[in-house]
Amino acid sequence: MNLHKISDVALKVACGLFLALSLVLTFTVSDYYIFNRFTEYGFFFCLSQWVKKSGLLLLPLAVFYNKKSCSDVAKYVLPLFVIVSMCTFGNFFEISMLGSATSEADKVYASINEFIPKWANMTLFFAASALELICCALLVLRDGYKVKAKSFICLPFAFFTVMPLNIFENFYNPDDFTPEHFLWFKNFTVWHLLAILLLAAATIGAYFFLKNKDGSKQRDYLAAAAIVLLIQYHSKDSLVMGDGYNVYHTVFACIPLFICNIGVYVASLSVILRKKVLYAISFFVHAAGALTVIFYFGRDDMSNYGIIFGHTILYFCLTHYILFMLSVLPSALGHYKFKPKDCIIPLIYYCLVIVTAAVASGIVTSASMSFSYDGYTLSESEWLRPNYAFTQINPLPIPVFEIPITIWKCQFNLLYLIILYAVYVGLFWTFTGAYYLFLFARQKVLDRPITAVYPALEEAATTLDEHDEDK
């Protein structure tokens, strides 16, 4: 094996390890907790951490997709900020919610959340930083030291797409606002209407941006969007354990069994791996799920989205927007053609999700009944109730007759779970109808005969199926 092949393998291994360690680091309280506290943790340290986050997008695109512009930026921008962060961390590793806990229950939650000790946090931090530097050095070895000036156009886009969404809280105090304030996000307000319109505008805009590009570029853009989605999705981990997210405040809320959480992985992998079965699940299950929660965010009494500039609502909208677009754009662009039989696997998949989510939710709630710290055990009102896939708490203001079923120590409504599944089955078929309606509308808008659309879709689907079989 020659030097070029060895360095290429080393580059991919180093990048993979860097991404893996960065993922683990999101489960430390300090990781994203600092970004709404610039004055407390230092502007330059916080800025360097933000630039380092852009490496989570730039490096995979440079290493695995051979994007020269991303490689150029990574080689000459990332090392400086990685070194600055390693030298200016201050009291970054001292962040603990135990010291600021205002109740005995908060201490219990904090003790659970801080399952990664300080020494492990420091080890992971410096190891990930070293791997980021190694990746940059190996990119110089692979691509050379020369760069093109126009490559740096991608830097502000990378910087913007990985923006920590709690950054705006540097400019106001969230505690100064109540649910009665005009800026507070609730269902069926002007802000809710704006959220729906932005979803439509973003999806339509992305479609028209991509539709005239060749298939290879379309797939690259979709893969980049998938990486951004994964980065932003995992930004929640640290914030759940620090400031809280919506009504959740423990690491158990980071288990990806909320329907759109697991959809993040399915939709992202569907465009990265280009597997039709994953995309079918993404299209029929997760597009419907993302669209449903955008049209109705759940009962106001079980949600706490805060004001429109806060992390919770910005995170919720951004991740669901990208999830929806990744779930519908490939078929809109003609990458896949679906038939009614393609609903079978998604139907089975969603049934398994419902069962798994209900069991996992029951286990977490039952286990939390005995959670304790320093002699204090959680009371019933303080037990954890993660509403995975909406299995434990009905988000609709419509009561359902109860047929109780017990999972360990936690009681569920069997009839509600059956209705929940049946409703989503209806959504699957609705999306099937919407899919064919879109094909018809596209023929009218683009003035293309429908007979020309189907062969193109069939050819694309056949090519991808053959590609899957070869792999």
Side-chain angles (χ1 to χ4, degrees), residues 4 7-23 25-26 31-32 35 43-88 125-165 167 206 209-210 213 216-235 268 271-272 318 322:
H4 176 75
S7 63
D8 189 57
V9 171
L11 176 58
K12 290 179 179 177
V13 171
C15 186
L17 288 173
F18 163 65
L19 296 175
L21 293 188
S22 297
L23 169 62
L25 278 168
T26 65
D31 193 40
Y32 275 84
F35 288 117
F43 174 81
F44 289 106
F45 175 70
C46 294
L47 177 64
S48 66
Q49 285 294 98
W50 184 355
V51 177
K52 283 172 62 179
K53 297 294 182 186
S54 69
L56 296 171
L57 173 62
L58 293 169
L59 289 176
L61 292 177
V63 173
F64 299 110
Y65 289 86
N66 295 311
K67 296 300 176 185
K68 187 65 165 58
S69 59
C70 295
S71 175
D72 289 348
V73 174
K75 289 184 296 188
Y76 287 98
V77 175
L78 293 182
L80 171 63
F81 288 94
V82 172
I83 293 171
V84 169
S85 76
M86 294 172 72
C87 298
T88 60
F125 177 89
F126 288 108
S129 298
L131 285 166
E132 195 164 3
L133 291 174
I134 290 170
C135 288
C136 294
L138 290 172
L139 283 173
V140 175
L141 185 62
R142 188 191 74 176
D143 299 334
Y145 64 89
K146 293 183 178 181
V147 298
K148 294 181 179 179
K150 67 179 183 180
S151 293
F152 291 88
I153 295 174
C154 74
L155 177 59
F157 291 100
F159 194 56
F160 175 76
T161 55
V162 301
M163 176 190 296
L165 298 176
I167 194 171
F209 173 76
L210 293 172
K213 300 185 183 299
S216 177
K217 286 188 177 180
Q218 289 177 356
R219 288 188 288 271
D220 287 347
Y221 275 109
L222 291 172
I227 295 171
V228 170
L229 175 58
L230 290 169
I231 294 170
Q232 290 291 3
Y233 167 71
H234 280 291
S235 71
S268 298
V271 298
I272 292 173
L318 177 63
I322 302 177

S.K.: I'd like to know whether CZ of Phe157 has more than 12 heavy-atom contacts from other residues, nucleotides or ligands below 6.0 angstrom.
M.R.: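 For Phe157, atom CZ is not crowded (no more than 12 foreign heavy atoms under 6.0 Å).
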S.K.: Sorted by first residue and then second, give each ring pair (Phe, Tyr, Trp, His ring centres under 6.0 Å) pair with at least one member in residues 48-77; sequence neighbours left out.
M.R.: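 Pairs touching residues 48-77 that pass the test: Trp50-Phe159.
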S.K.: Which value, rounded to the nearest 0.5 Å, describes the distance between Lys53 atom NZ and Ser22 atom OG?
M.R.: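 If I round to the nearest 0.5 Å, the distance is 6.5 Å.
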S.K.: Minimum heavy-atom separation for Val63 and Asn66, please, with both atom names.
M.R.: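 Heavy-atom minimum between the residues: O-OD1, 3.9 Å.
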S.K.: Distance from Cys15 atom SG to Ile134 atom CD1, nearest 0.5 Å?
M.R.: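 Taking SG in Cys15 and CD1 in Ile134, the distance rounds to 12.0 Å.
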S.K.: Grab the two heavy atoms, one from Gly55 and one from Pro60, that are nearest each other, plus how far apart they are.
M.R.: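 Heavy atoms of Gly55 and Pro60 come nearest at O-CD, 3.6 Å.
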S.K.: Can you tell me how far apart OG (Ser71) and NZ (Lys148) are? Round to the nearest 0.5 Å.
M.R.: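 The distance works out to 12.0 Å.
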S.K.: So, do Asp31 and His234 sit near enough that their side-chain heavy atoms are less than 4.5 Å apart?
M.R.: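 No; the side chains remain at least 4.5 Å from each other.
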S.K.: When you compare the side chain of Cys46 with that of Gln49, does any pair of heavy atoms fall below 4.5 Å?
M.R.: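 Counting from C-beta outward, Gln49 and Cys46 never come under 4.5 Å.
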S.K.: Within 45° of the six-membered ring axis of Phe18 and under 6.0 Å from that ring's centre, is NZ or CZ of Lys52 located there?
M.R.: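 So Lys52 doesn't make the cation-pi contact.
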S.K.: For the residue pair Leu131 and Leu17, what are the closest heavy atoms and their distance?
M.R.: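 Looking at all heavy atoms of both residues, the shortest contact is CD1-CB, 3.7 Å.
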S.K.: Could you walk me through whether Leu47 and Val84 pass side-chain contact (heavy atoms from CB on, under 4.5 Å), step by step?
M.R.: CA-CA 10 Å; Leu47 177 64; Val84 169; over 6 Å; no
S.K.: For Lys68, I'd like to know if atom NZ has over 12 heavy atoms of other residues, nucleotides or ligands within 6.0 Å.
M.R.: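 Yes, enclosed.
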S.K.: Distance from Leu59 atom CG to Ser54 atom OG, nearest 0.5 Å?
M.R.: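 If we round to the nearest 0.5 Å, Leu59:CG and Ser54:OG are 8.5 Å apart.
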S.K.: Not counting sequence neighbours, which residues clear ring-ring contact (aromatic ring centres under 6.0 Å, His included) with Phe35? List them please.
M.R.: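 So Phe35 forms a ring-ring contact (aromatic ring centres under 6.0 Å, His included) with Tyr32.
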S.K.: Start with the C-alpha distance between Gln232 and Ile322, add both sets of side-chain angles, then the distance that settles side-chain contact (heavy atoms from CB on, under 4.5 Å), and finish with yes or no.
M.R.: CA-CA 10 Å; Gln232 290 291 3; Ile322 302 177; 5.6 Å; no
S.K.: Once salt bridge (Lys or Arg N to Asp or Glu O under 4.0 Å) is applied, do any residues pair with Lys67, and if so which ones, sequence neighbours excluded?
M.R.: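 By the salt bridge (Lys or Arg N to Asp or Glu O under 4.0 Å) rule, Lys67 matches Asp220.
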S.K.: Provide the closest heavy-atom pair for Ser151 versus Val73 in the form atom of the first, atom of the second, distance.
M.R.: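 Heavy atoms only, the tightest pair is O-CG2, 3.5 Å.
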S.K.: How close do Cys154 and Ser69 get, heavy atom to heavy atom, and via which atoms?
M.R.: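 Looks like SG-O, 3.8 Å.
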S.K.: Looking at side-chain heavy atoms only, is the closest gap between Ile227 and Leu56 below 4.5 Å?
M.R.: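 No - every pair of side-chain heavy atoms lies 4.5 Å or more apart.
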S.K.: So do Leu80 and Val51 actually touch side chain to side chain, heavy atoms under 4.5 Å?
M.R.: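 Of all side-chain heavy-atom pairs linking Leu80 with Val51, none is under 4.5 Å.
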S.K.: Are the side chain of Lys75 and the backbone of Gly144 linked by a donor-acceptor contact shorter than 3.5 Å?
M.R.: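 Flag set: sc Lys75 to bb Gly144 pair under 3.5 Å.
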S.K.: If we only count heavy atoms from C-beta on, is the Leu23 to Leu230 side-chain gap below 4.5 Å?
M.R.: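 No - every pair of side-chain heavy atoms lies 4.5 Å or more apart.
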S.K.: Applying side-chain contact (heavy atoms from CB on, under 4.5 Å), run through Leu21 and Glu132 and close with a yes or a no.
M.R.: CA-CA 11 Å; Leu21 293 188; Glu132 195 164 3; over 6 Å; no
S.K.: When rounded to the nearest 0.5 angstrom, what is the spacing between OG in Ser268 and CG in Leu222?
M.R.: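 Answer rounded to 0.5 Å: 10.5 Å.
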S.K.: Got a second to check how far Asp8's CG is from Leu141's CG, nearest 0.5 Å?
M.R.: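 Reported to 0.5 Å precision, the distance equals 10.0 Å.
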S.K.: Go through it in stages, so that I can follow the logic: the residues are Leu58 and Val77, the test is side-chain contact (heavy atoms from CB on, under 4.5 Å), and I'd like the CA-CA distance, side-chain angles, deciding distance and then a yes or no.
M.R.: CA-CA 11 Å; Leu58 293 169; Val77 175; over 6 Å; no
S.K.: Which atoms form the tightest heavy-atom contact between Cys135 and Leu11, and what is the distance?
M.R.: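 The pair with the smallest heavy-atom distance is O-CD1, 3.6 Å.
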